[in-house]
2 protein chains.
Amino acid sequence: MTSRAPGKRVRKAPAERRNEIVATAARIGLTEGLECVTLRRVADELGVQPGLVGHYFPAADELVAEAFTHATMAELDGLLPPEPDGPLRTFRRFFGLTSSADFDDVSKLWLNARHLSRYRPVLRDHVVKQELLWCRRLEELITAGTAAGVFACADPWGAATRILVAIDGASAYINTSADQRRTPTADMPRTVAESELGLRRGMFLTD
Amino acid sequence: MTSRAPGKRVRKAPAERRNEIVATAARIGLTEGLECVTLRRVADELGVQPGLVGHYFPAADELVAEAFTHATMAELDGLLPPEPDGPLRTFRRFFGLTSSADFDDVSKLWLNARHLSRYRPVLRDHVVKQELLWCRRLEELITAGTAAGVFACADPWGAATRILVAIDGASAYINTSADQRRTPTADMPRTVAESELGLRRGMFLTD
DNA sequence: TGCTTTATTGGTCGCCCACTCAATAGCATT
DNA sequence: AATGCTATTGAGTGGGCGACCAATAAAGCA
């Protein structure tokens with residue numbers, strides 16, 4: 001936590017302070033879980049009073065929701081950069097990243113958010129938006145690849161959806177029996193994708 | 001909640017009372033979520049004092065974990081009865097049940113438990129056990145079907161694992177965008193299974 | 001019937017949470 | 001250098017939670 005002499009105040013422009021709060025909340029949510037995104041916890045991290053965070057987010061639900069969106073938005077841009085350098089290369093990169101251990105926190109975050117959405121309507125709206133956004137980005141990539149003649153896919157949206165099912169399914173055990181399941185499931189997202197896009201097995205292999 | 005005149009006591013055999021508590025906790029966990037399985041909530045439901053539930057479960061985590069196991073154990077027995085009447089028929093029944101709306105609460109429970117396992121080691125142990133049990137039961141069915149010449153499968157454990165990935169992946173959106181995704185993902189678990197077991201597409205269709 | 005055992009009560013404690021609000025102090029403007 | 005605006009403090013409210021424990025009453029046994 002950023003500590004500061006008690007009583008000392010640092011006054012910032014509202015927009016800057018708000019961004020700071022959301023970024024901090026996103027980091028907490030990603031590394032420790034969205035349940036840890038509380039007014040107090042975020043305030044501690046920033047070295048301010050809880051009341052200040054409450055001032056920017058009169059309803060704590062909104063902060064949690066924005067934290068989630070902030071984190072997943074950044075992650076998506078890392079996975080599927082807006083302007084890709086070739087569908088094949090982008091897909092290889094995508095599977096390389098999603099199957100790496102660095103992706104574990106992201107898997108946990110999605111699991112976290114999808115469950116918490118059961119109780120928190122505001123978060124739910126954000127999660128639905130992100131789910132559809134991730135799917136759409138993947139769809140665009142597939143459509144581009146198909147137009148370029150690299151892939152053969154009659155239903156890009158369906159293919160994107162099913163590839164994500166494989167990824168989300170394989171990462172569902174991240175907090176539990178992931179270790180015991182890695183071997184039979186590690187290749188599944190990649191092979192589902194290759195099958196959906198009419199490619200030979202191994203075409204998306206990085207090595 | 002079962003109401004009773006305040007002060008009135010009903011004294012039961014410890015084993016009976018304990019079972020009652022676990023069964024109630026399981027019902028709450030399945031229908032409302034494991035976060036709602038609290039000493040107070042279960043006590044209310046049974047018309048007893050919170051202290052009594054605390055007496056049987058000195059650590060609340062243990063109650064939550066047993067509630068989960070109780071619920072999923074019962075569900076598994078409903079999905080894959082111990083002595084099946086033919087692998088093909090059993091699989092059809094299995095996919096009929098898992099793709100029905102009655103399975104929604106079970107999907108939510110798994111999602112719930114898998115996330116909560118991040119923070120609760122006792123629950124985590126129970127979830128891992130159930131995950132492996134479900135997988136093993138499916139594996140046994142596949143092995144039986146392969147021995148009978150109905151299926152062609154070189155790796156029953158791997159096949160079972162991947163079928164469950166498809167099911168868990170498709171049900172990951174149960175609290176969020178399930179509606180928008182039903183069409184492209186509804187058939188996925190079934191077709192994955194048919195492919196894994198060397199069957200023609202549609203062999204597991206109920207109708 | 002009276003006695004012992006123990007299942008159950010009924011309250012307390014401390015912790016963490018979101019939310020509220022009057023008072024305060026940093027900063028830009030003049 | 002004084003002023004006004006407002007970002008920020010600091011303290012308080014009420015609620016839910018697990019954990020704890022002495023007192024109590026139900027049930028089985030002598």
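Below, read A as the first sequence line, B as the second, and so on, with proteins coming before strands; counting in each chain starts at 1. These numbers come from a predicted model, not from an experiment.
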Check this for me, if you would: do [X] and [Y] make a salt bridge, where the nitrogen-to-carboxylate-oxygen distance has to be below 4.0 angstrom?
X: B/Arg137; Y: B/Asp77; answer: yes
X: B/Glu45; Y: B/Arg27; answer: yes
X: B/Arg41; Y: B/Asp44; answer: no

Does any N or O in the side chain of [X] come within less than 3.5 Å of the main-chain N or O of [Y], such that one atom is a donor and the other an acceptor?
X: A/Arg89; Y: A/Arg93; answer: no
X: B/Arg40; Y: B/Pro50; answer: no
X: B/Arg92; Y: B/Met203; answer: yes

**Asked** In this structure, which one of B/His126, B/Arg114, B/Arg136 forms a side chain to side chain donor-acceptor pair (under 3.5 Å) with B/Glu131?
**Response** B/Arg114
**Reference residue B/His115; test side chain to side chain donor-acceptor pair (under 3.5 Å); the match among A/Glu35, A/Lys108, A/His115** = A/Glu35
**Item:** Plane angle bin for B/Phe91 and B/Phe95 - parallel if under 30°, tilted between 30 and 60°, otherwise perpendicular
**Value:** parallel
**Message:** Using 30° and 60° as the class boundaries, would you call the ring planes of B/Phe68 and B/Trp110 parallel, tilted or perpendicular?
**Reply:** perpendicular
Students often get this wrong, so: under 4.0 angstrom with heavy atoms, is [X] touching a base, only sugar-phosphate, or nothing?
X: B/Tyr56; answer: sugar-phosphate
X: B/Pro58; answer: sugar-phosphate
X: A/Ala59; answer: sugar-phosphate
X: B/Pro14; answer: sugar-phosphate

**Prompt:** Once you round to the nearest 0.5 Å, how far does CD1 of B/Ile28 lie from OG1 of B/Thr38?
**Reply:** 7.5 Å
**Request:** Let me see the working for B/Thr72 and B/Trp134 under side-chain contact (heavy atoms from CB on, under 4.5 Å), right down to the final yes or no.
**Result:** CA-CA 9 Å; B/Thr72 49; B/Trp134 282 51; 4.2 Å; yes
Give each protein N/O atom lying under 3.5 Å from an N/O atom of nucleotides 28-30 of chain D, with the pair distance.
none

Within the sub-3.5 Å range, which N or O atoms of nucleotides 21-24 of chain D have a protein N or O partner, and how far apart are they?
residue, atom, partner, partner atom, Å
D/dT24, O2, B/Arg9, NH1, 2.5
D/dT24, O2, B/Arg9, NH2, 3.2

**Prompt:** On the ring face of B/Tyr56, is B/Arg18 found with NZ or CZ under 6.0 Å from the centre and within 45° of the axis?
**Reply:** no
**Request:** Kindly give the heavy-atom pair with the smallest separation between A/Leu63 and A/Ala25, and that separation in Å.
**Result:** CD1-CB, 3.7 Å
What is the distance from [atom1] of [X] to [atom2] of [N], rounded to the nearest Å?
X: A/Gln49; N: D/dT9; atom1: CD; atom2: P; value: 5 Å
X: B/Glu62; N: D/dG18; atom1: CD; atom2: C1'; value: 15 Å
X: A/Leu52; N: D/dA11; atom1: CG; atom2: P; value: 16 Å
X: B/Leu63; N: D/dA19; atom1: CG; atom2: P; value: 11 Å
X: B/Glu32; N: D/dG16; atom1: CD; atom2: P; value: 15 Å

**Item:** Side chain to side chain, A/Arg124 and A/Arg120, heavy atoms closer than 4.5 Å
**Value:** no
**Asked** Taking atom types as modelled and ignoring hydrogens, do the side chains of B/Arg181 and B/Ser177 form a donor-acceptor contact shorter than 3.5 angstrom?
**Response** yes
**Request:** For B/Tyr173 and A/Asp168, test the side chains for any donor-to-acceptor distance below 3.5 angstrom and give the result as yes or no.
**Result:** yes
**Message:** Tell me which residues in residues 34-41 of chain A lie within less than 4.0 Å of DNA chain C, going by non-hydrogen atoms.
**Reply:** A/Thr38, A/Leu39, A/Arg40
**Asked** Looking at residues 119-127 of chain B, who's got a heavy atom less than 4.0 Å off DNA chain C?
**Response** none
**Request:** Test side-chain contact (heavy atoms from CB on, under 4.5 Å) on B/Val122 and B/Val64 and set out the steps.
**Result:** CA-CA 9 Å; B/Val122 184; B/Val64 173; over 6 Å; no
**Prompt:** Nearest nucleotide by nearest heavy atom, which residue falls closer to the 5' end of DNA chain D, B/Lys12 or A/His55?
**Reply:** A/His55
**Message:** Both atom distances under 3.5 Å, Watson-Crick or G-U wobble: I'd like the secondary structure of DNA chain D as a dot-bracket string, with | for pairs made across strands.
**Reply:** ||||||||||||||||||||||||||||||
**Item:** Intermediate values then yes/no, side-chain contact (heavy atoms from CB on, under 4.5 Å), A/Ile167 and A/Phe94
**Value:** CA-CA 11 Å; A/Ile167 292 173; A/Phe94 177 76; 3.6 Å; yes
**Asked** On DNA chain C, which is the earliest and which the latest nucleotide, 5' to 3', with an atom closer than 4.0 Å to a heavy atom of chain A?
**Response** C/dC17 to C/dC27
